[in-house]
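The structure appears right after this line, and notes come after that.
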Amino acid sequence: MSMKAILVSLFLLGSAPDSSAPAIPPEALAAPPVADESPTAWSCTVDTLRAGKECVFEADLSAGAPSDSQDASNKKLLQDVARALCTEAVGNIREGRPDATLTALCERRYITAVDQCGLEGTSFVVDAKGRFAPGARSCYRALANVLQEVQFMATVASPCCECAARANCPGTADRCYAEVAQQATAPQTQACLSDRCADACAVVLPRPRSGAHPAPTVQQRNRSSSPGSASL
């Protein structure tokens, strides 16, 4: 068989209907389509906000006239989940160990971000299936930014700032978390962290210049002055 005949045969076989496929009844083709309106895995919900996942705003909410009561209700709804989300954001990074100062900081930032979530009362911010409204994009983004910033602080700043508070270093509490995360601590605070919290703050402290010898920390001085520490 020539190559041309083989190609024609394959084309015909590929285009022939499958005789084993079940026949579709005529009434099925005329039936109206049935939409599955349940949330998909891509829908923007509190769960995707919590997990930091990419998502799609699927909620079908029609906008109405502005309403002060609906605006307040939208904000209250998301304020109520602030503590749970903040506690999880901190605890997940720290393997279940709490950080009350950072959790409180998260809650304050989260509630400030919720100010963008009222939508002027023109619609619900979340529909009955838990999906964020398309008009809540800026709200969702603001809340996600808060959680991401707090997760970063829990990773790089939390151990350092906990030590700073115990060591009575200047610039503790909220200021410490913000400045340490941005590596913008004041010289006096940085000196205290280097001296009293060198181990806890090792990730965020600047490295000494090449050839420079860092000053001994409190722990090193205590070890050197303890009995039996002198070299022979």
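Applying the disulfide bond (SG atoms under 2.5 Å apart) definition to pairs two or more places apart or across chains, those involving residues 60-92 are C86-C106. Annotation: ring-ring contact (aromatic ring centres under 6.0 Å, His included) contacts involving residues 127-150, sequence neighbours excluded, comprise F57-Y140, F132-Y140.
L105 and L85 fall within the same hydrophobic cluster, defined by Ile, Leu, Val, Met, Phe, Trp and Tyr side-chain heavy atoms under 4.5 Å apart, directly or through other members. Hydrophobic clustering, with ILVMFWY side chains joined whenever heavy atoms are under 4.5 angstrom apart, keeps F152 apart from L49. Grouping the Ile, Leu, Val, Met, Phe, Trp and Tyr side chains by contacts below 4.5 angstrom, directly or via other members, places L102 apart from V204. Following chains of ILVMFWY side-chain contacts shorter than 4.5 Å, one can reach L193 starting from V156, so the two form part of one hydrophobic cluster. Both L77 and V46 sit in one connected hydrophobic cluster of ILVMFWY residues. Membership requires side-chain heavy atoms under 4.5 Å apart, directly or through other members.
When the salt bridge (charged side-chain N to carboxylate O under 4.0 Å, His left out) test is applied to R175, the partners found at least two apart in sequence or on another chain are E179. A search for salt bridge (charged side-chain N to carboxylate O under 4.0 Å, His left out) contacts involving R97 returns nothing, not counting sequence neighbours. Every residue meeting the side-chain hydrogen bond (donor to acceptor under 3.5 Å, both in side chains) condition with D99, not counting sequence neighbours, appears here in chain and number order: S158, Y177. Taking the side-chain hydrogen bond (donor to acceptor under 3.5 Å, both in side chains) definition, one finds that N145 meets it with nothing, sequence neighbours left out. Partners of R50 under the side-chain hydrogen bond (donor to acceptor under 3.5 Å, both in side chains) rule, at least two apart in sequence or in another chain, are D47, E88. Applying the side-chain hydrogen bond (donor to acceptor under 3.5 Å, both in side chains) rule to D80 yields the partners K76; only residues at least two apart in sequence or on another chain are considered. Every salt bridge (charged side-chain N to carboxylate O under 4.0 Å, His left out) that R94 has, sequence neighbours left out, goes to E162. Annotation: side-chain contact (heavy atoms from CB on, under 4.5 Å) contacts of A167 (sequence neighbours excluded): C169, R196, C197. Taking R108 as the reference, D174 meet the salt bridge (charged side-chain N to carboxylate O under 4.0 Å, His left out) condition, with sequence neighbours excluded.
Looking at every heavy atom in both residues, Q79 comes nearest to I111 through NE2-CG2, 4.0 Å. Across all their heavy atoms, T48 and S43 have their closest contact at CG2-O, 3.3 Å. Counting all heavy atoms, side chain and backbone alike, A173 lies closest to T101 at CA-CG2, 4.1 Å. V125 and A136 make their closest contact through CG2-CB, 3.8 Å (heavy atoms, listed as atom of the first residue, atom of the second, distance). Between Q116 and S138 the shortest heavy-atom distance is OE1-O, 3.6 Å. The shortest non-hydrogen separation linking A200 to C163 is CB-CB, 3.9 Å.
Side-chain atoms of T189 come within 3.5 Å of backbone N or O of P170 as a donor-acceptor pair. Formation of a donor-acceptor pair under 3.5 Å by the T87 side chain with backbone atoms of R83 is found in this model.
Note that CD of Q190 and OG1 of T185 are 4.0 Å apart. Values are rounded to the nearest 0.5 Å. In this structure, CG on L78 lies 11.5 Å from CG on D115, to the nearest 0.5 angstrom. Here R141 contributes atom CZ and Q148 contributes atom CD; the two are 11.5 Å apart, rounded to the nearest 0.5 Å.
Within 6.0 Å of CZ on R137 lie more than 12 heavy atoms contributed by other residues, nucleotides or ligands. Atom CD of Q188 sits in a sparse spot, with 12 or fewer heavy atoms from other residues, nucleotides or ligands closer than 6.0 Å.
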Practice item. With side-chain contact (heavy atoms from CB on, under 4.5 Å) as the test, would you mind laying out the steps for N74 and C139 before giving the verdict? Key: CA-CA 11 Å; N74 287 340; C139 159; over 6 Å; no
Exercise for review: Walk me through it: do T45 and C55 pass the test side-chain contact (heavy atoms from CB on, under 4.5 Å)?
Suggested key: CA-CA 8 Å; T45 64; C55 63; over 6 Å; no
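Side-chain atoms of C117 and L143, non-hydrogen and from C-beta on, do get closer than 4.5 Å to each other. When side chains are defined from C-beta on, D60 does not count as touching D127, because their heavy atoms never get closer than 4.5 Å.
Judged purely by distance below 3.5 Å, without hydrogens or angles, the side chains of S67 and S69 pair a donor atom with an acceptor atom.
L61 forms part of a hydrophobic cluster together with F124, judged by ILVMFWY side-chain heavy-atom separations under 4.5 Å.
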